[in-house]
Each structure stands twice: as structure tokens, then as C-alpha cells.
Amino acid sequence: MSDEIKKRIFSGVQPSGNLTIGNYLGAIKNWKKFEDDYDPFYCVVDMHAITVRQDPAVLRRRTYEILALYIASGLDPEKNTMFVQSHVPAHAELTWVLNCFTMFGELSRMTQFKDKSARNASNINAGLFDYPVLMASDILLYQAALVPVGQDQLQHIELTRDVAVRFNSVFGDVFTIPEGYTVKSSTKIMSLQEPTKKMSKSDENENAFVAILDEKDVVMRKFKRAVTDSDTCVRYAEGKDGINNLMNIYGAFTGKTHGEIEKEFEGRGYGDFKTAVGETVADGLAPVREKFASLMKDKAYLESVMKSGAEKASYIASKTLSKVYKKVGFVPRIR
Ligand code: TYM
């Protein structure tokens, strides 16, 4: 397929914590398959990250780390445009315009805003409230058709669609209306300690999540401690949230269905199953960890990817932004 007719993909990850296997299975791992037939853009969304307080030095380090993780997960920089959000000013600029097309009530209903404001009661800043509009700008600037994410982001994509439709209904077909893309079994990886809650990189309990970069012994220990139930049979069923989650994780790494997993562990206890999940996850992540370690030693290479990514992203983003500015009636800058 030529570049002209390839549909565009957009997604992003916040450099705001140690990435978990939730981020990996729900998002990054699924991106590789798009690189030949689509034109993918993957952003390290540092501007989103500062909606909660960040240590500047840590934010800088994590920005490199996320980019390294994208590449370590198999994304080819020749086929995927990878860049840092704050390197492309059009994200902030489009956000302002779209703010004027997004309703206070809509933003008030966002689940992530409600959750995050409950967790950061002393810092419910305007950026946290406006976060979904920045996310809409990320997606719409690139005229993305598909947005591969985990389930927790689908509400933001719905809002993006609503805002885009609203804008288009006034000004014509300016924005492509994007669709969310999720992989059913791994769209919501749950906490290992409270399996009714999403696995989150910001969880205070380190046993609740497995980080992509955790060493094998840590991975094994966390799975051993994973909360299950008083049944003893490995089967996928309502009310067995802990086991269902482990089956989803195991399935995502092995490609096995729930039925196949049930058969494999028939007559075996949870201990065996947890060991198998731990080993599979640790071994599955080992190549990512190794590649990551070598990439992090080559800052110059990461910066060259950032640089060319930002150039390509800026070119496309500025085309959309100029169109938007013209449509709303801004006088073009006199040069
Ligand atoms: P973030 O940084 O919280 O998470 C990055 C990606 O990981 C997915 N994810 C999960 N998937 C399955 N199970 C889990 N437990 C789990 N936890 C996280 C998220 O759904 C996400 O796909 N707002 C976004 C970043 C963003 C973005 C965008 C995404 C900014 N602009 C534009 C897509 C398009 C976020 O906070 O993701």
C-alpha cells in the first residue's frame, strides 16, 4: 500500500510511572501488527503527565524510557512515527480551539477525571479537567482513523468523536472521526491484589502490578502473591476475578484461549498455574527488557528517533491546525 492511502493510527502513553503489563498487553504489544498496513503515530504524552505533579528529572528520564520501550517492544522507527508530545506545539494550540467546542458537562462526566481528582484532592487543577481535550487534539491533529488503547481510554475516544462531529457539523469535514481499537482479552488487565480494580502504574501497593521492567524473581513473587479465590479449579467464570485475570494475562502471552488454558491446568492447583503464568510473563518480557537496556545506553539514537518523529509529526499536525485556524476565522500570520 502506498503512504497516501494508508489509514493513520494514533496512540500514546504517559511517562508518569513504571509501565505495567497492563500498558503492555492493553496497548503497546498490539501496535506492531499495524506497521505494514497503516501509518502509525505513537506519542510520549509528557504534557498529559504534568496534570499530576512530576519530578522534572524523573519526567525527563521516563520520556526517554517510554520511547525506548516502544522500540524495545518491536516498533520499527522506519515504519512508526514516534515522538514526544511537547515537541509539537500544535497539540497545545489545537487544544485551545477544541476547548471552545467542548462542554463543561461533558468533561465533568469523565470517569478518569473523577478518579484522579479523588486521588489528588489537593491538586484538582484545570489541566486535569481539560486532559481529554488535549487527548482529542492528539488524535484529531493526525486525522487518525484508529486509536488502539485499553478499555479505560474508550470514554475519552467517545468524547473525541463527539467534539470532532460537533466541529465538522459547523465547518465541514475537517476531522476524520476516529474509532477506538481494543483487544478483548487484554483490554483491562486487573490488579493482582484487588482483581476488581484496573492494574495501574500509580498503585501504591507494588504487589498489585507487574512492571514491564521487573526482574524475573520479582515477577514470580508478585504472581505467587496474586489474590485468587477459594475454589481450586483453573476455569474462567463469573466471580473468579483473580483467576480470570491470570488467564487473560497467560492467554495474551501464549495466544491460548480460555478453553485451552482450562485443559492445560485440569487437575492442577493454583500454585502450579501461578508459577506457569509468572514464568511465561517473565520469559515473554525478557527480550523487551534486554533491548530496552541497550537502547537506554544509546541516548543519541533515541534522540535521533525523537527528532525525526517530531519533524514528521509537526508537518502533518501543522496542516490540520492551519485548516482549523482558517475555518474558525483567524487571520493567517503575515510573513
Ligand atoms: P496511560 O499512559 O494511562 O496508559 C497507556 C495505555 O495503556 C492502557 N492501559 C491498560 N490496558 C489494559 N489494562 C490495564 N490495566 C491498563 N492500564 C493502562 C491504556 O488504556 C492506554 O492505552 N490518556 C492516555 C494517553 C493518551 C492517549 C492519547 C492515548 C494521551 N493522548 C491519544 C491514545 C490517543 C493515558 O493516560 O494512557
Side-chain angles (χ1 to χ4, degrees), residues 8-31 34 40-52 54 59 62-63 65-66 69-70 73 83-86 88 91-92 94-95 98 110-113 115-116 119 127-128 130-161 163-164 176 178-203 208-212 241 244-245 248-249 252 313 317:
R8 215 162 271 147
I9 297 230
F10 188 95
S11 199
V13 174
Q14 294 192 68
S16 58
N18 291 322
L19 287 202
T20 71
I21 55 169
N23 300 119
Y24 183 65
L25 301 178
I28 306 172
K29 181 173 182 280
N30 309 315
W31 296 352
F34 297 120
F41 282 68
Y42 298 118
C43 188
V44 182
V45 293
D46 53 350
M47 289 160 65
H48 277 96
I50 63 163
T51 55
V52 300
Q54 303 291 337
L59 179 63
R62 286 202 167 124
T63 300
E65 285 180 356
I66 303 285
L69 270 175
Y70 284 174
S73 302
F83 69 104
V84 176
Q85 189 180 32
S86 62
V88 182
H91 290 247
L94 182 61
T95 299
L98 294 186
M110 293 294 115
T111 313
Q112 186 168 306
F113 170 67
D115 288 350
K116 286 199 177 175
R119 272 190 276 130
L128 194 63
D130 200 33
Y131 179 113
V133 184
L134 179 57
M135 182 162 158
S137 302
D138 296 342
I139 297 167
L140 298 176
L141 273 175
Y142 300 92
Q143 308 290 356
L146 218 57
V147 185
V149 285
Q151 195 205 49
D152 61 328
Q153 297 303 317
L154 290 178
Q155 194 187 29
H156 292 158
I157 296 172
E158 267 317 302
L159 178 77
T160 301
R161 290 166 59 87
V163 172
T176 301
E179 271 179 43
Y181 171 96
T182 58
V183 172
K184 195 164 173 268
S185 61
S186 54
T187 189
K188 193 170 187 189
I189 300 298
M190 310 307 268
S191 153
L192 297 186
Q193 291 299 312
E194 286 176 73
T196 49
K197 232 177 70 178
K198 182 189 81 160
M199 181 180 283
S200 163
K201 57 192 168 201
S202 51
D203 203 308
F209 61 84
V210 172
I212 301 179
D241 301 311
N244 294 348
N245 188 38
N248 282 338
I249 294 170

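Note that ligands are numbered from 1 as they come in the structure, with each ligand's atoms numbered from 1 the same way.
- A heavy-atom distance below 4.5 Å is found between the side chains of Q85 and L134.
- Residue Q151 has no N or O atom closer than 3.5 Å to an N or O atom of ligand 1.
- Checked options K201, M47, Q54; the residue passing with Q14 is K201 (criterion: side-chain contact (heavy atoms from CB on, under 4.5 Å)).
- Among all protein heavy atoms, the one lying closest to atom 7 (O) of ligand 1 is N23 ND2, 3.1 Å.
- Considering backbone and side-chain N/O of S11, none are found under 3.5 Å from N/O of ligand 1.
- Below 30°, between 30° and 60°, or above 60°: for H91 and F10 the angle between ring planes is between 30° and 60°, a tilted geometry.
- Set against the non-hydrogen atoms of A27, the atoms of ligand 1 under 4.0 Å away are 6 (C), 7 (O), 22 (O).
- Atoms of ligand 1 found under 4.0 Å from any heavy atom of Q14, numbered from 1 in the order shown, are 2 (O), 35 (C), 36 (O).
- Side chain of T187 to backbone of K184: no donor-acceptor contact under 3.5 angstrom is found.
- Among I66, I189, N245, the residue whose heavy atom lies closest to atom 13 (N) of ligand 1 is I189.
- The option with the heavy atom closest to atom 35 (C) of ligand 1, from among W31, Y24, Y131, Y142, is Y131.
- Judged by distance alone, with hydrogens and angles left aside, the side-chain atoms of S11 form a donor-acceptor pair with the main-chain N or O of P148 at under 3.5 Å.
- Considering backbone and side-chain N/O of Q112, none are found under 3.5 Å from N/O of ligand 1.
- Closest to atom 1 (P) of ligand 1 among all protein heavy atoms lies K201 NZ, 3.7 Å.
- The closest side-chain heavy-atom distance from Y42 to I9 is below 4.5 Å.
- Counting protein heavy atoms only, atom 37 (O) of ligand 1 is closest to Q153 NE2, 3.9 Å.
- In the vicinity of G26, heavy-atom distances shorter than 4.0 Å reach the ligand 1 atoms 11 (N), 12 (C).
- Taking atom 31 (N) of ligand 1 as the reference point, the nearest protein heavy-atom neighbour is D138 OD2, 2.6 Å.
- Screening D152, D203, D115 for a side-chain contact (heavy atoms from CB on, under 4.5 Å) with K198, the sole residue that qualifies is D152.
- For the residue pair D46 / S86, a side-chain donor-acceptor distance below 3.5 Å is found, with atom types taken as modelled.
- Not a single heavy atom of M190 sits closer than 4.0 Å to an atom of ligand 1.
- Distances below 4.0 Å separate heavy atoms of T187 from the following atoms of ligand 1: 11 (N), 12 (C), 13 (N).
- The protein atom (non-hydrogen) at minimum distance from atom 25 (C) of ligand 1 is G12 O, 3.6 Å.
- A heavy-atom distance below 4.5 Å is found between the side chains of Y70 and V44.
- The side-chain contact (heavy atoms from CB on, under 4.5 Å) test with Q112 is passed by exactly one of Q155, M135, Q153: Q153.
- Looking at V149, V147, D152 and measuring to atom 20 (O) of ligand 1, the nearest heavy atom belongs to D152.
- Looking at M199 next to ligand 1, an N or O pair under 3.5 Å apart turns up.
- The closest approach between S186 and ligand 1 falls below 4.0 Å for a heavy atom of the residue.
- Interface atoms of ligand 1 facing V13, defined by a heavy-atom separation under 4.0 Å, are 2 (O), 5 (C).
- Judged by distance alone, the side chain of K197 and the main-chain N or O of A208 form no donor-acceptor pair under 3.5 Å.
- Residue G22 places at least one N or O, backbone or side chain, under 3.5 Å from an N or O of ligand 1.
- Each of L192, T20, I189, N23 was compared with F209 under the side-chain contact (heavy atoms from CB on, under 4.5 Å) criterion, and only T20 meets it.
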